[in-house]
Structures are given as C-alpha cells and as structure tokens.
Amino acid sequence: MVMFLDLDYFFAQVEEIENPSYLGRPLVVCVYSGRTEDSGVVSSANYLARKHGVKAGMPIKRAKRLLPSEAVFLPVRLEHYAEVSRRVMTILKKHSDRMRVESIDEAVMEVTETVGGSFERAEELAVMVKREIRQGLGLKCSIGIAPNRVVAKIAADAAKPDGLKTVRPEEVADFLKPLPATALPGIGAKAWSYLEGIGVKTIGDLSSLPIEVLAKVFGGKKARYIYLASRGEFDEPIEEKTTFKQVSRIITLKQNTRDVDEVVSALAPAVNDALARLEANNLEATTLGIIAIAADLRTVTRQTQIRPGTSIEEAMRIVRNLFSELLQEEGGMVLRRAGVRFAGLKQRLGQSRLSSYLQ
Ligand code: DCP
Ligand code: CA
Ligand code: CA
C-alpha cells in the first residue's frame, strides 16, 4: 500500500506563508529569462491567480494582463524551495517503510508495514503527516492512498487542494474509469493528441484499447504501462534510491523556429524543472548542454562546463549563448524540438541532509 504526497501550489505557497502581506492576493512565481523585464514564464501560481486563468508555463506578460494590480510577481528561489522540500521529505521518511523523492514537491511512500496493511490506519497516518507538515512548516499538501503508485498519484491530484483521498483495491476500477485520460501520469502531449484523435476521452476509454494497438503507436514498454496503469494494475516496488547520471528535458516548440528568444523562452520551464530535480536531490551539475532537433530529426548538441551552484538565471544565459552559437554555426537548421541536459552530477558539498532521507 502506498501513499503519494504532492505539495499544493508549492513554490507560490512557500512565498505566501513566508510573507503574510501576500495572503489573499494572487501570487505568481516566475522564471525570468532575462531578455526584457517581463520575458519568461510562470513557474507556480497560487489558487487565487489560477482563478484568473494563470497557470504554470504561461508567459509572464500574459499573466500580468490577466491579473489585477494587487497581484504579486516574484522570481523563483529554487535553493530555498529545495531546502523546504528536504524538510518535508525528512518528515515523510520517518513515517514510511521506504520512500522515494519523485520531484521537488512529490514523494511516494511504501507504508504497508507501518500501518499493518490497514487502509484505516493509513488514513490516520496521512492525517498525522498532513498535520505535522502544516504545523512544522506551514505547508498544505494533498495525499493519495492506494494499492500502487500510479493510482495513489492520481488520487492525490484528485484530492487537491489540501485533501486526502483513499482508493481501496475494490474501488480502483470505478475510481479511474470516469477520469479524463489526461489524469494518467507519464504520457506526453504528443501521445495525448493521438489518443484524442481516436476518440479516447476517459481512462476507461484508454483501458478498452487492445495492447496490440497501443504497442503499434507507443512501442512495447509504454504500451504495457498504459495498458496496466489504465486498469490501475501498474505496480512496481518503491525503491529508495534513484541514482541518475544526468537530468535532461526536451520540449517540442509551438512552431518550427530559428529564433533564439523563442527557443530560450520555451525552454525556461524545462531548465527550471531540471534544476529543481537536481536541487531536490542535493546534486549539482558540472556540465550544461543543449539539444537541438530539426524538423527532419537531425540532432545537434553543444555543451559547456558550469561552475557549482550555477543559478537558474546564469543557466538561462548559458543556454541562450549555446543556442545562439549553434544557430549561427548551423545556418540552415530550423528547430522543431529543443532541450537541455545537466550532467557530470556531483553530490552537493557541505549539505549532507540528503543522506538523511535518501539512504
Ligand atoms: N513547476 C515549474 N514549471 C512547471 C510546473 C511546475 O516551475 N511547468 C514547479 C513549480 C511548482 C513545482 O514545480 O510549484 C511543483 O509542480 P506542480 O506541478 O506540483 O505544481 P504546483 O505545486 O505549483 O501546483 P499543484 O497545487 O497543482 O500541485
Ligand atoms: Ca504540487
Ligand atoms: Ca508536483
């Protein structure tokens, strides 16, 4: 039995609780890409801002148009959120058999032994964990309890904000069936547009596709995942350690382009996301690379050394310079997709807190 925890509007919530004057106002945490004062994208928005239609990934300029003048716009403070995240994770570790940090604001906990296999006790534990995080750090979160990770994550999402949702084994099928297919984690935008095209709307629709059909479109591994996960049957043991050698993120551009500004703005959330993942695991990169993929799939990469503790702003500048050089050297190349890659990962020195929950 697993518990999945996701912190509510995480970056924005941290800012909100640390500055009471922000309470009751729409608040947006931004990744500024540095070209002009307002270039960049929204990283996290509180629920008041979301009411006005603001969401992660949206250009800051657009968010400014949507929000009233009392709205608060703040730059991301990744190191700080990572520190808060580590404190949350330490609490979770204490209350689980095993746990794995899934992102800066998510973790999955195996709790079968801790609660002696009882869903009632798991619920009590979840209430306690929520209270401990709320009282200790001031943060609200949502928790899903289910027989496996995928269902627990969907349950946590469904419980948002500040919620708790339990899905017992006999309830799994009925719980999943009516949910929009997009609620199933781990499937990219391209896959969704295909699925939409063949009339798939709900997870129930997804589960009715033969595995052979899925395999033709997605390949065997993903097909197996979709087949099992849409039935609530995708199960995997929760391993504590995730060791990775690099963190990369690739995005598909809205339109094919050679415009450096366009590429860099589109990549801001990806850079942010990759850095957040490193931060959450107390890792730092020594190289930063870019990936450029043309419409004909020709792929060109560039990379450079970076110093430890490179900030997101510096990383964005480096990404800009690398793309600028690459596009100059590759005169005819029009980009379809673009990515970043942080590699040469090292454990961050002077902060051994990581070991307190990852080992
Ligand atoms: N994040 C980001 N850019 C994105 C998505 C997320 O910078 N496109 C960052 C900011 C978020 C954090 O990661 O606070 C966690 O992402 P979530 O998707 O869990 O979003 P939130 O926690 O902000 O909102 P929710 O309440 O929906 O979980
Ligand atoms: Ca969250
Ligand atoms: Ca999350």
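Side chains included, hydrogens not; waters and symmetry mates left out as well; all remaining heavy atoms used. Counting starts at 1 for both ligands and their atoms, in listed order.
At least one donor-acceptor pair closer than 3.5 Å links the side chain of S44 to the backbone N or O of A12. R98 places a side-chain N or O within 3.5 Å of a backbone atom of I238 that can act as its donor or acceptor partner. Put simply, the side chain of S207 never gets that close to the backbone of S230: no donor and acceptor are under 3.5 Å apart.
In D6, the part holding a heavy atom less than 4.0 Å from any atom of ligand 1 is the side chain. No part of Q13 comes within 4.0 Å of ligand 1, judged by heavy-atom distances. In Y81, neither the side chain nor the backbone holds a heavy atom less than 4.0 Å from any atom of ligand 1.
More than 12 heavy atoms of other shown residues, nucleotides or ligands fall within 6.0 angstrom of atom CD in E313. Taking a 6.0 Å sphere around CD of E113, one finds it holds 12 or fewer heavy atoms contributed by other residues, nucleotides or ligands. The environment of K61 atom NZ is dense: over 12 non-hydrogen atoms of other residues, nucleotides or ligands sit within 6.0 angstrom.
The protein heavy atom nearest to atom 3 (N) of ligand 1 is S43 O, 3.5 Å. Looking only at heavy atoms of the protein, atom 12 (C) of ligand 1 is closest to F11 CE1, 3.9 Å. Ranking the protein heavy atoms by distance from atom 22 (O) of ligand 1 puts F10 N, 2.9 Å first. For atom 17 (P) of ligand 1, the closest heavy atom belonging to the protein is D105 OD2, 4.1 Å. Looking only at protein heavy atoms, the nearest one to atom 11 (C) of ligand 1 is S44 CB, 3.8 Å. At the top of the distance list for atom 8 (N) of ligand 1, counting protein heavy atoms only, stands A56 CB, 3.6 Å.
Among the atoms of E106, an N, O or S atom is found under 3.0 Å from the Ca ion (ligand 3). Residue contacts to the Ca ion (ligand 2): K160 brings no N, O or S atom closer than 3.0 Å.
The aromatic rings of Y9 and Y47 stand perpendicular to each other, their planes meeting at an angle above 60°, with 30° marking the opposite boundary.
For ligand 1, the polar-atom distance check finds no N/O of E106 at less than 3.5 Å from any of the ligand's N/O atoms. Polar contact check, N272 against ligand 1: a nitrogen or oxygen pair lies under 3.5 Å apart.
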Q: With salt bridge (charged side-chain N to carboxylate O under 4.0 Å, His left out) as the test, would you mind laying out the steps for E330 and R258 before giving the verdict?
A: CA-CA 10 Å; E330 302 285 335; R258 278 185 54 78; over 6 Å; no
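Distance check for atom 27 (O) of ligand 1: a protein heavy atom is found below 4.0 Å. Proximity of atom 20 (O) of ligand 1 to the protein is not indicated, since no non-hydrogen protein atom lies closer than 4.0 angstrom.
Here the rule is side chain to side chain contact (heavy atoms under 4.5 Å, CB included) with R337, and of L253, T252, I251 only T252 fits it.
In the hydrophobic clustering of ILVMFWY residues, with side-chain heavy atoms under 4.5 Å counting as a link, V319 and V31 come out together.
Ligand 1 lies out of reach of D273, whose nearest heavy atom is not under 4.0 Å from it. For R50, the closest heavy-atom approach to ligand 1 falls below 4.0 Å.
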